[in-house]
Amino acid sequence: MKKLNLKSLLFAFVALFAIISCEEQSTTEKAKDEIGDAVTTVSDAFRQESDGLRADIEKAKQNIDKKLGDLQDEWAEASDEARKSIEAEMKNLHYHKDLLDKDLENINNKVNDGWAEFKSDVKSTLQKVEDEIAEIDREI
């Protein structure tokens, strides 16, 4: 998804409005409309990014659930020694799933200033989940 520097965009629109507001009234009204359109564009972009991130989180959680089911089946047929390893893998997947649940809850609480960092943190967690599942698949 396209990264937006929301602070810079909003600053540019406010500066544009300030410059244009010194001109005649009709130009000021036009500037207000343009700023309103720009804010809508930024808001839509933020919504699209957050919706995409929600979808990525939900997909990762589904992958975790599937892998946990596979590991549970393996655990039922495993030796005592193998069970300990499987239990550790399951514990790690549950940990990552809990992190993703918290991230999902926090998406709506994040403001534009913290969005880039939050998005980066979630993407990092998603990558760790993907790597963990791949590692488990290699071991099987």
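Values reported hereafter were calculated over all heavy atoms of this structure, with side chains retained and with hydrogens, waters and symmetry mates removed. Residues: numbered from 1 along the sequence shown.
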Query raised in the report: Using 4.0 Å as the upper bound for N to carboxylate O, is an ion pair formed by Lys97 and Asp101?
Result: no
Report task. Any chance you could measure Leu104, atom CG, to Arg54, atom CZ, to the nearest 0.5 Å? Result -> 7.0 Å
Query raised in the report: Of all residues at least two apart in sequence or in a different chain, which pass the side-chain contact (heavy atoms from CB on, under 4.5 Å) check with Asp73?
Result: none
Requested in this report: Rounded to the nearest 0.5 Å, what's the gap from CD on Gln72 to CE on Met90? Could you check?
Outcome: 4.0 Å
Which atom pairs, one a donor and one an acceptor, fall under 3.5 Å between side chains of residues 79-88 and the rest of the protein, sequence neighbours left out?
unit_1 : atom_1 : unit_2 : atom_2 : d
Ser79  : OG     : Ala82  : N      : 3.2
Arg83  : NE     : Trp75  : O      : 2.9
Arg83  : NE     : Ala78  : O      : 3.4
Arg83  : NH2    : Ala76  : O      : 3.4
Glu87  : OE2    : Trp75  : NE1    : 2.9

Query raised in the report: Mind checking what makes side-chain contact (heavy atoms from CB on, under 4.5 Å) contact with Leu100, not counting sequence neighbours?
Result: Ile57, Ala60, Lys61, Ile64, Asp103, Thr125, Leu126, Val129
Query raised in the report: Is it true that Glu105 and Lys102 have a side-chain N and a carboxylate O under 4.0 angstrom from each other?
Result: no
**Report entry** Validation row: Leu93, Ile133 side chains within 4.5 angstrom (heavy atoms)
**Finding:** yes
Requested in this report: Hey, could you give me the CG/CD distance between Leu53 and Glu58, rounded to the nearest 0.5 Å?
Outcome: 11.0 Å
**Report entry** Separation of Lys123 NZ from Asp56 CG (nearest 0.5 Å)
**Finding:** 4.0 Å
**Report entry** Single-linkage hydrophobic cluster Leu99~Ile107, side-chain heavy atoms < 4.5 angstrom
**Finding:** no
